[in-house]
Amino acid sequence: RLDKISSDYNEDKIVWYENLGPFKNTIRGTVRLDVDNNGCDSNDLKAPLLLVSTSNGTNTFSTFTKQDGTYDFIADLNTYTTSVVSSVKEYPATPAKVVSTFTAKNQNEVVDFCLVPSSLFEDLEVRMYPYGEARPGFQSKYKIHITNNGTKVNSGLISLKFDDSKLEFVSSGDQIDSKTSNTIQFAYKDLKAFETKTIDVTFKVLTIPTTNLGDKLSFNLAVPVPGDTKPLDN
């Protein structure tokens, strides 16, 4: 049972990866969202990108649910306690934790979790990220994320305002709903709880001296939602 260590000459550290031996059992399951509050079944929404952890008292293992809401762990002969770690406080997980005991090899334990919202609410979040640094005279690409952190299915418009004195709109990965000289809007429809929609947007950065090195490129991204519980991230 050889362990593994690694080091990077650019960083002042050594990383130790402990070899815990061959694991022959599995813990797997699905995390779903019970929006209609009648118990989780195959018709309920699956919850992606949630942190799930399991511990045998000595070691803790963590993973994120996949896009289809599923997760899986490899386990050895031991007792494990599994729980959803990153469920939003408005979505308490049922059950809160599950204990699994493995006494032999090649055993499989199915541990499903149901997130039951304590109330119905709206909470959309928008973010925008650059693919790289903008340069005068070249194209600059950005990615827009809109995420539904609430419990209600939501539809509406995303508005992106840009500085048209320094930037020229080129293209987008989604169809534009409306466009002016400095604002473009995109429609989103039936965005479910925990679902994220992404849109790629490309601009041309105007050449020097219109846009110079060190200039700031300003954007204003907004998704207006009346009654949003956290309007600051809209």
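Taken together through direct or relayed side-chain contacts under 4.5 Å among Ile, Leu, Val, Met, Phe, Trp and Tyr, Val153 and Leu191 form parts of separate hydrophobic clusters. A continuous path of hydrophobic side-chain contacts links Leu221 to Phe219 [ILVMFWY only; heavy atoms under 4.5 Å]. Note on Val98 and Leu50: same hydrophobic cluster, where clusters join Ile, Leu, Val, Met, Phe, Trp and Tyr whose side-chain heavy atoms are under 4.5 Å apart, directly or indirectly. Transitive grouping of hydrophobic side chains (ILVMFWY, heavy atoms separated by less than 4.5 Å) brings Ile158 and Phe203 into a common cluster. Residues Leu217 and Ile144 share a hydrophobic cluster, clusters being chains of Ile/Leu/Val/Met/Phe/Trp/Tyr side chains in contact below 4.5 Å.
Closest approach of Val52 and Val31 over heavy atoms only: CG2-CG2, 4.4 Å. Taking both residues in full, the closest heavy atoms of Cys114 and Asp34 are given as SG-CB, 3.6 Å, listed atom of the first, atom of the second, then distance. Across all non-hydrogen atoms, the minimal contact from Ser172 to Phe186 is OG-CE2, 3.4 Å. When all heavy atoms of Gln67 and Pro48 are compared, the closest pair comes out as CA-CB, 3.7 Å. Taking both residues in full, the closest heavy atoms of Arg32 and Ser42 are given as NH1-O, 3.5 Å, listed atom of the first, atom of the second, then distance. Lys230 and Asp228 make their closest contact through N-OD1, 2.8 Å (heavy atoms, listed as atom of the first residue, atom of the second, distance).
Atom CD of Glu18 has more than 12 neighbouring heavy atoms from other residues, nucleotides or ligands inside a 6.0 Å radius. A 6.0 Å sphere centred on NZ of Lys105 holds no more than 12 heavy atoms belonging to other residues, nucleotides or ligands.
Distance check, rounded to the nearest 0.5 Å: NZ of Lys161 to OG1 of Thr180 gives 8.5 Å. Atom OG of Ser159 sits about 8.5 Å away from atom CD1 of Ile184, to the nearest 0.5 Å. For the atom pair CG of Asn38 and CG of Asp44, the computed distance is 6.0 Å after rounding to the nearest 0.5 Å. Atom CG of Asp112 and atom OG1 of Thr30 lie 5.0 Å apart (nearest 0.5 Å). Atom CD of Gln139 and atom CD of Glu168 lie 9.5 Å apart (nearest 0.5 Å). Separating the OG1 atom in Thr63 from the CG atom in Leu51 is a distance of 8.0 Å, to the nearest 0.5 Å.
Using a distance-only test at 3.5 Å, with no hydrogens or angles considered, no donor-acceptor pair links the side chain of Thr81 to the main chain of Val99. Although no hydrogens or angles enter the test, the distance criterion places no donor-acceptor pair under 3.5 Å between the side chain of Thr198 and the main chain of His145. A distance-only check finds no donor-acceptor pair linking the side chain of Thr211 to the backbone of Val205 [under 3.5 Å]. A donor-acceptor contact shorter than 3.5 Å links the side chain of Thr65 to the backbone of Ala47. Of the possible donor and acceptor atoms, one in the side chain of Asn148 sits under 3.5 Å from a partner among the backbone N and O of Lys152.
Between Phe61 and Ser53 there is no side-chain heavy-atom pair separated by less than 4.5 Å. Phe169 places a side-chain heavy atom less than 4.5 Å from the side chain of Ile176. Taking the side chain as every heavy atom from C-beta outward, Ile146 and Thr196 never approach each other to under 4.5 Å. At least one side-chain heavy atom of Asn108 sits under 4.5 Å from a side-chain heavy atom of Arg28.
No hydrogens or angles considered: a donor-acceptor pair under 3.5 Å links the side chains of Thr79 and Thr101. At a cut-off of 3.5 Å, with distance as the only test, a side-chain donor of Thr70 or Asp68 sits close to an acceptor on the other residue. Using modelled atom types, one finds no donor on one side chain facing an acceptor on the other under 3.5 Å when comparing Ser218 with Asp163. A donor-acceptor pair shorter than 3.5 Å cannot be found between the side chains of Asn25 and Glu109. With 3.5 Å as the limit, one finds no donor-acceptor pair spanning the side chains of Glu125 and Thr147. At a cut-off of 3.5 Å, with distance as the only test, no side-chain donor of Asp3 or Asn19 sits close to an acceptor on the other residue.
A salt bridge links Lys166 to Asp215: at least one charged side-chain nitrogen sits closer than 4.0 Å to a carboxylate oxygen. Taking 4.0 Å as the cut-off between side-chain N and carboxylate O, Asp200 and Lys143 count as a salt-bridged pair. Comment: Lys66 engages Asp72 in a salt bridge, judged by a side-chain N to carboxylate O separation of less than 4.0 angstrom.
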key: Leu77/Lys24 under side-chain contact (heavy atoms from CB on, under 4.5 Å): CA gap, chis, key distance, verdict   = CA-CA 8 Å; Leu77 304 183; Lys24 299 294 185 179; over 6 Å; no
ask   = Under the side-chain contact (heavy atoms from CB on, under 4.5 Å) criterion, do Val223 and Val225 qualify, and how do the steps go?
value = CA-CA 6 Å; Val223 52; Val225 179; 4.2 Å; yes
query = So Val110 and Ile27, side-chain contact (heavy atoms from CB on, under 4.5 Å) or not? Walk me through it.
reply = CA-CA 6 Å; Val110 177; Ile27 301 172; over 6 Å; no
request  = I would like to know whether Tyr71 and Phe64 meet ring-ring contact (aromatic ring centres under 6.0 Å, His included); could you show each step before the answer?
outcome  = CA-CA 7 Å; Tyr71 72 92; Phe64 286 94; over 10 Å; no
request  = Give the intermediate values and the outcome of side-chain contact (heavy atoms from CB on, under 4.5 Å) for residues Asp233 and Asp123.
outcome  = CA-CA 9 Å; Asp233 60 13; Asp123 179 19; 3.9 Å; yes
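Note: Phe102 and Tyr80 have perpendicular aromatic rings, judged against thresholds of 30 and 60 degrees for the angle between ring planes.
Remark: Lys197 fails to qualify as a cation-pi partner of Tyr188 under the 6.0 Å distance and 45° angle criteria applied to the six-membered ring.
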